[in-house]
Amino acid sequence: MAIPTTCVVGLGYVGLPLAVALEAKGARVVGLDASTARVRQLASGRSGIEDISDDQVATAVARGLSVTTDVNDAAEAAVYVICVPTPLRQHLPDLGAVEAAARSLAGVLKAGDLVILESTTYPGTTDEFLAPILEESGLKAGVDFHLAYSPERIDPGNATYGLTNTPKIVGGLTPESTRAAAEFYGAFVDQVVTVSGPREAELAKLLENTFRHVNIALVNEMAVFSHELGIDLWQAIDAAATKPFGYMPFYPGPGVGGHCIPVDPSYLSWRLRTLGYQFRFVDLAQDLNNRMPSYVVERLQLLLNDRGVALSRARVLCIGAAYKKNVSDMRESPALLVMERLQRLGARISYHDPFVPSVELEGVHHESVTLDADQISAADAVLILTPHDGLDLESMVQSARLVFDTRAVVPPVEGHVYRL
Ligand SMILES: NC(=O)c1ccc[n+]([C@@H]2O[C@H](COP(=O)([O-])OP(=O)(O)OC[C@H]3O[C@@H](n4cnc5c(N)ncnc54)[C@H](O)[C@@H]3O)[C@@H](O)[C@H]2O)c1
């Protein structure tokens, strides 16, 4: 099937790869973003995200991908895919960007168009929240235009699974909407999985992320008591993972970050609270994961203490500021929470992150330092938080006085290298 002219709304981590993939498949694509700065950046051939290179953007733009802030430039599209942010504001879902995007689309929507929401959100958003705004166009959802939900499952930095080889879940408002959305994705995604409606598709995405959130909390709690019991949890996890069925390994760390794991389960618990129901699993997982940054600081403080160094006078070199390896995304990064806490307790912190040139920690500006032997040996402790690929951690360990490794990426050495 020839892909119809498509408007991708929101050109960030989710929308840009989609727009570039569609363009590469020969589709005419209009990228619509509310940010003038973002549109300028893309128009000048700069990607701004790791999974898409500047070259890819420049090529797509040269071949006809148009980027704009004006919805009227997208009036010719037959498919609109909404990929705008859905953050939390004071622990509550903030659908402001979805609302604004939908309102602008209502001004250009035509009979026969297909609108798909990809932003992560609570079950009921597509039919209860999005449809009425789009219907301000005077057209009826599921009757005059197709409407579907299809969660984005992109994993930034993942070199194995990307847009086309990760199955795409689709749930339309009506069977015709499901069919239209499945046909659209079928043109450029290897496998499309249909469910009976948008709510099932919305819940599938939240189930995936809540599952991850809860299991990370489980191993984080285990990390705390394993340390007390003198057990190497990492070995236990790897041993358990040899079971070929019924188990999937998750690993402890300094906390959870990004726009998904710490945020998405709250969308579900918010929805359940509207029914008077408390989602206890999520609340507990949040408690456990949220305590990890201060637990990491406490463990480091004890290690320094053993060497007669007070944290308030210690130089601590932190490795990695992004929320996970191989990306520059710092949203909800636990590494920043750890660094902030260290700074608040008086430690003289520095950090190295090849993806993050500078950070502001409670009003204090820090720039990523060069990871050389002088820098490393000057630190009382090196704290590994986000170990990007390509960092020479083995030789860093040689020069370090003390290493606290929260990701188990270097072998433990008694008296020198410690694990979470
Ligand atoms: N990043 C991921 O790994 C990932 C994975 C799966 C799902 N998601 C979900 O996808 C959605 C988008 O996330 P993201 O990471 O791409 O966000 P992002 O912040 O990287 O990009 C969003 C873009 O939307 C633009 N925007 C905001 N309001 C707009 C509006 N009204 N009209 C047009 N453009 C608007 C912003 O300027 C920005 O460029 C969120 O719901 C997120 O939870 C993200």
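Numbering of ligands and ligand atoms starts at 1, following listing order. Quick note: residue numbers are just sequence positions, from 1.
Ring-plane geometry between Trp270 and Tyr122 is classed as tilted, the angle between the planes lying from 30 to 60 degrees on a 0 to 90 degree scale.
Using a 3.5 Å distance cut-off with no hydrogens or angles, the side chains of Arg291 and Ser294 do not pair a donor with an acceptor.
Atom 28 (N) of ligand 1 has Ala97 CB, 3.6 Å as its closest protein atom, hydrogens excluded (heavy atom only). Distance from atom 8 (N) of ligand 1 to its nearest protein heavy atom, with residue and atom name: Val14 CG2, 3.6 Å. Val84 O, 3.3 Å is the protein heavy atom nearest to atom 11 (C) of ligand 1. Nearest protein heavy-atom neighbour of atom 36 (C) of ligand 1: Asp33 OD1, 3.4 Å. Summary of contacts: the protein heavy atom closest to atom 20 (O) of ligand 1 is Tyr13 N, 3.1 Å. Nearest to atom 42 (C) of ligand 1 among the protein's heavy atoms is Thr120 OG1, 4.0 Å. Looking only at protein heavy atoms, the nearest one to atom 41 (O) of ligand 1 is Thr86 OG1, 2.5 Å. From the protein, the heavy atom lying nearest to atom 33 (C) of ligand 1 is Ala34 N, 3.3 Å.
With a 4.0 Å heavy-atom cut-off, ligand 1 is reached by no atom of Arg103. With a 4.0 Å cut-off on non-hydrogen atoms, Ser104 does not touch ligand 1 at all. When non-hydrogen atoms are compared, ligand 1 lies under 4.0 Å from neither the backbone nor the side chain of Thr121.
Salt-bridge check for Asp283 with Arg273: failed, with every basic side-chain N at 4.0 Å or more from each acidic carboxylate O. Taking a cutoff of 4.0 Å between a charged side-chain nitrogen and a carboxylate oxygen, Glu202 and Arg199 do not qualify as a salt bridge.
Between Arg153 and ligand 1, no pair of N/O atoms sits closer than 3.5 Å. The distance criterion of under 3.5 Å between nitrogen or oxygen atoms is not met by Val9 with respect to ligand 1.
In this structure a side-chain-to-backbone donor-acceptor pair under 3.5 Å is present from Asn165 to Gly162. Of the possible donor and acceptor atoms, one in the side chain of Ser333 sits under 3.5 Å from a partner among the backbone N and O of Ala321. A donor-acceptor distance shorter than 3.5 angstrom exists from the side chain of Lys110 to the backbone of Ala75, with no hydrogens or angles considered. Thr210 contributes no side-chain N or O that, together with a main-chain N or O of Leu207, makes up a donor-acceptor pair within less than 3.5 Å. Of the possible donor and acceptor atoms, one in the side chain of Lys205 sits under 3.5 Å from a partner among the backbone N and O of Glu152.
Looking at residues two or more places apart in sequence or on another chain, you find a side-chain contact (heavy atoms from CB on, under 4.5 Å) between Val79 and Pro4, Thr6, Val81, Leu114, Ile116, Phe184. Residues passing the side-chain contact (heavy atoms from CB on, under 4.5 Å) test with Glu183, sequence neighbours excluded: Met1.
For atom 1 (N) of ligand 1, the choice among His259, Glu118, Glu152 with the nearest heavy atom turns out to be His259. One option in Cys83, Pro156, Gly10, Pro85 has a heavy atom closer to atom 27 (C) of ligand 1 than any other, and that option is Pro85.
Near Ser35, meaning under 4.0 Å from one of its heavy atoms, ligand 1 places the atoms 37 (O). The Ile154 neighbourhood of ligand 1 comprises atoms 2 (C), 3 (O), 4 (C), 5 (C), with distances under 4.0 Å to a heavy atom of that residue. Taking every non-hydrogen atom of Gly12 and a distance limit under 4.0 Å, the qualifying atoms of ligand 1 come out as 16 (O), 18 (P), 20 (O), 21 (O), 23 (C). Every atom of ligand 1 is numbered from 1 in the order shown, and the set under 4.0 Å from a heavy atom of Ala100 is 31 (N).
Residue contact annotation: Arg331 has a non-hydrogen atom under 4.0 Å from ligand 1. A heavy-atom separation below 4.0 Å is found between Lys205 and ligand 1.
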Taking it one step at a time, do Thr120 and His259 satisfy side chain to side chain contact (heavy atoms under 4.5 Å, CB included)? CA-CA 10 Å; Thr120 307; His259 38 78; over 6 Å; no

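The cationic atom of Lys25 (NZ for Lys, CZ for Arg) does not lie both less than 6.0 Å from the six-membered ring centre of Phe188 and within 45° of the ring axis.
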